[in-house]
Amino acid sequence: MPDLPVRELECLLVLAEELHFGRTAQRLRVSQSRVSQLVAALERKIGTQLVERTSRRVTLTDRGADFVDQVRPAYARLVELVDGARREAGQAAPIRIGFQGLAYETITWTLTRFTQENPDVALSLRELPLGDPFGALLAGDIDAAIALLPVREPGLAVGFAFPPAPRMLAVSHGHPLARRERIDAEALAEADLVSVDGPAPRYWRDVHFPRFTPLGKQIAGTVRATTLQEGMTLAATGRYAMLTCRPVAERNQRADLRYVRVTGFDEESRMALIWRSAQRPAQLTKLAALLGGRPAAAVRERIPRPSPERSDGRYAR
């Protein structure tokens, strides 16, 4: 039986989505040179060029594009067959959930109920880097991510979106903006905002770590953080400020921080359960249904309408 080049095929499928060796390496958690080696090895085994790479861009050859179209459904089916065989043998693959920043009560209570209702399913949890919300999911290291929207990555879909939450600015009590009850987003031009380390997409960074106000004023961002707590600590020093949301503010009350409401953005902060649309264990649909308080059959891969805001500023479920 010929040696099936599974790792090489996986590399080609990811490269076909990214068309960028650096981003492919990040998703696969390998070096760029390793990506080149895997592609070259596959081309040698097949006997034809699959990828064209210049100093400006990466493209698939016509043969490469045809090959990817044929391999992708077969690869997804192979993954399903392996998972199915493990389930039949009583060794169901664990459901691996990544969460970004903070898994607060709504999430933890739901995960507890899920494990109670599905005792045969192992649940594995891991924290995602603040600056890399989708990398582990795209690489297949986890099955779903509870992360901040928006998400526009090919192959990813929203299973459930939590209600939107007001934007808040974390500052020390001595910061000039701490004297106000609320500020307009234009006032952020007066702050030095904590930025983030990691390969997060630009569109995502522009929402959560903006470099410009809605009217185009530049926002300083001279320091970066890798975790939520690191960013909060930087804000507490008095020199910096960190843009966050109300749920995080409510669960991170500190004597050295004050949270100021920020208005004027086109969209509020919003978390979602995100999964790969092509490979989704059935248990994830059950989890999404529990989060939304709906029957599993009612779950759709779309963002639900925001819940109405109550008079106390919280959002009704």
Side-chain angles (χ1 to χ4, degrees), residues 26 97-108 125-136 142 145-150 162 164-213 217-265 267-272 313-314:
Q26 290 172 353
I97 307 292
F99 62 91
Q100 188 184 31
L102 179 69
Y104 49 88
E105 292 89 342
T106 300
I107 299 171
T108 56
L125 301 177
R126 62 177 281 187
E127 185 174 1
L128 301 177
L130 189 61
D132 189 11
F134 314 125
I142 57 176
I146 297 175
L148 287 165
L149 292 173
F162 295 88
R167 309 289 286 272
M168 308 292 288
L169 188 70
V171 293
S172 72
H173 288 276
H175 194 282
L177 295 178
R179 304 187 188 99
R180 311 184 196 179
E181 289 299 320
R182 66 173 57 205
I183 61 172
D184 185 80
E186 295 303 313
L188 294 179
E190 306 170 23
D192 190 344
L193 280 190
V194 174
S195 187
V196 66
D197 262 331
R202 173 58 60 186
Y203 67 83
W204 187 90
R205 288 173 179 267
D206 288 343
V207 172
H208 301 289
F209 301 93
R211 295 278 63 89
F212 297 93
T213 69
K217 296 179 182 178
Q218 188 166 9
I219 303 173
T222 62
V223 67
R224 295 189 175 192
T226 57
T227 67
L228 176 64
Q229 291 305 322
E230 184 179 322
M232 293 295 187
T233 302
L234 285 168
T237 66
R239 180 175 178 179
Y240 309 104
M242 185 170 184
L243 193 61
T244 183
C245 62
R246 179 174 287 170
V248 170
E250 291 176 342
R251 292 160 180 83
N252 282 271
Q253 294 296 317
R254 298 170 42 154
D256 53 359
L257 281 179
R258 186 172 190 275
Y259 296 94
V260 181
R261 174 80 165 92
V262 182
T263 61
F265 283 111
E267 53 187 313
E268 301 282 29
S269 179
R270 198 165 196 187
M271 300 283 288
R314 298 177 183 271

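Hydrogens, waters and symmetry mates are skipped; everything else that's a heavy atom, side chains included, is used. Note that the coordinates shown come from a computational prediction; the quantities given were computed from them, not determined experimentally.
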- [ ] Specify the closest pair of heavy atoms between M271 and I146, including all atoms of both residues, with the distance to one decimal.
- [x] CE-O, 3.6 Å
Task: Which atom of V196 lies closest to which atom of F209, heavy atoms considered - done: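 In terms of heavy atoms, the two residues are closest at CG1-CD1, 3.7 Å.
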Do [X] side-chain atoms and [Y] backbone N/O form a donor-acceptor pair below 3.5 Å?
X: R211; Y: A220; answer: yes
X: H175; Y: R239; answer: no
X: R167; Y: E267; answer: yes
X: R205; Y: A200; answer: yes
X: Y259; Y: N252; answer: yes

Got [X] and [Y] here, is their nearest side-chain heavy-atom distance under 4.5 Å?
X: T226; Y: P129; answer: no
X: F212; Y: K217; answer: no
X: L228; Y: Q100; answer: no
X: D256; Y: T233; answer: no
X: H208; Y: P150; answer: yes

Task: Greater than 12 external heavy atoms within 6.0 Å of R254's CZ - done: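 Yes, the 6.0 Å shell around CZ holds more than 12 heavy atoms from other groups.
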Open item on the list: With a 4.0 Å cut-off on N to O distance, would you call E190 and R180 a salt bridge?
Closed with: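 Counted as a salt bridge, because a side-chain N and a carboxylate O are separated by less than 4.0 Å.
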